[in-house]
Amino acid sequence: MEDMIKRIIDADNEAKMLEESTLKEKAELSKKIDAEIQKIHDSYMAKAEETVKNNRITEEKKAKRQWEEIQQKHNSVLIKLKADFERNHDKWADEIVKRAIAQ
């Protein structure tokens, strides 16, 4: 009988040790999983930041190129308008005076 009780106690102690071991293993696995999640998150965020940086550079270059094109068109129009004015300002002034007097 004592032998039976001793075996039960031993089995209970062994079960407790196994439970503690399992809980420690679970905690360690949980830490590893959390670390892996953080590693994946950090990697993803680093790639995303790099992508955003590259997109920003590309978009800034594109915007700068478009701005320069607009400035060139604006300068071309300005040159043409100045040339038209230099060529025609006397004629336009005379026409305005004629129309003002005719009324």
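Side chains are part of it too, since the values below use all heavy atoms of this structure and drop only hydrogens, waters and symmetry mates. The first residue of the sequence shown is numbered 1, and numbering continues consecutively from there.
With rounding to the nearest 0.5 Å, the separation of CD in Gln66 from CD in Glu68 is 11.0 Å. How far CD of Glu49 is from NZ of Lys53: 10.5 Å, rounded to the nearest 0.5 Å. Rounded to the nearest 0.5 Å, atoms NZ (Lys80) and OG (Ser76) are 11.0 Å apart. Distance check, rounded to the nearest 0.5 Å: CG of Leu23 to CG of Leu18 gives 9.5 Å. To the nearest 0.5 Å, atom CH2 of residue Trp67 and atom NZ of residue Lys64 are 13.0 Å apart.
Under a 4.0 Å N-O distance rule, the pair Glu69/Arg65 does not qualify as a salt bridge. Here Arg87 pairs with Asp84 in a salt bridge; the nearest charged N to carboxylate O distance falls below 4.0 Å. Taking a cutoff of 4.0 Å between a charged side-chain nitrogen and a carboxylate oxygen, Lys16 and Asp12 qualify as a salt bridge.
Between the Ser43 side chain and the Lys39 main chain, no donor and acceptor come within less than 3.5 Å of each other. Of the possible polar contacts, none joining the Ser30 side chain to the Lys26 backbone as a donor-acceptor pair under 3.5 Å is found. Between the side chain of Ser21 and the backbone N or O of Met17 there is no donor-acceptor pair closer than 3.5 Å. A donor-acceptor pair is defined here as one N or O able to donate and one able to accept, closer than 3.5 Å; no such pair exists between the side chain of His74 and the backbone of Ile70.
Closest heavy-atom contact between Phe85 and Trp92: CA-CZ3, 3.9 Å.
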Discussion item. Side chain to side chain donor-acceptor pair (under 3.5 Å), that's the test. Do Gln38 and Asp34 meet it? Break it down for me.
Written reply: CA-CA 6 Å; Gln38 188 63 43; Asp34 289 344; over 6 Å; no
Practice prompt. Step by step, work out the salt bridge (Lys or Arg N to Asp or Glu O under 4.0 Å) result for Asp94 and Lys98.
Written response: CA-CA 6 Å; Asp94 290 343; Lys98 280 184 201 174; over 6 Å; no
Practice prompt. For Arg99 and Glu95, run salt bridge (Lys or Arg N to Asp or Glu O under 4.0 Å): C-alpha distance rounded to whole Å, both residues' side-chain angles, the deciding distance at 0.1 Å, then the answer.
Written response: CA-CA 6 Å; Arg99 288 183 184 184; Glu95 185 67 28; 3.0 Å; yes
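Residues Gln71 and Asn75 have side chains that never bring a donor and an acceptor to within less than 3.5 angstrom of each other.
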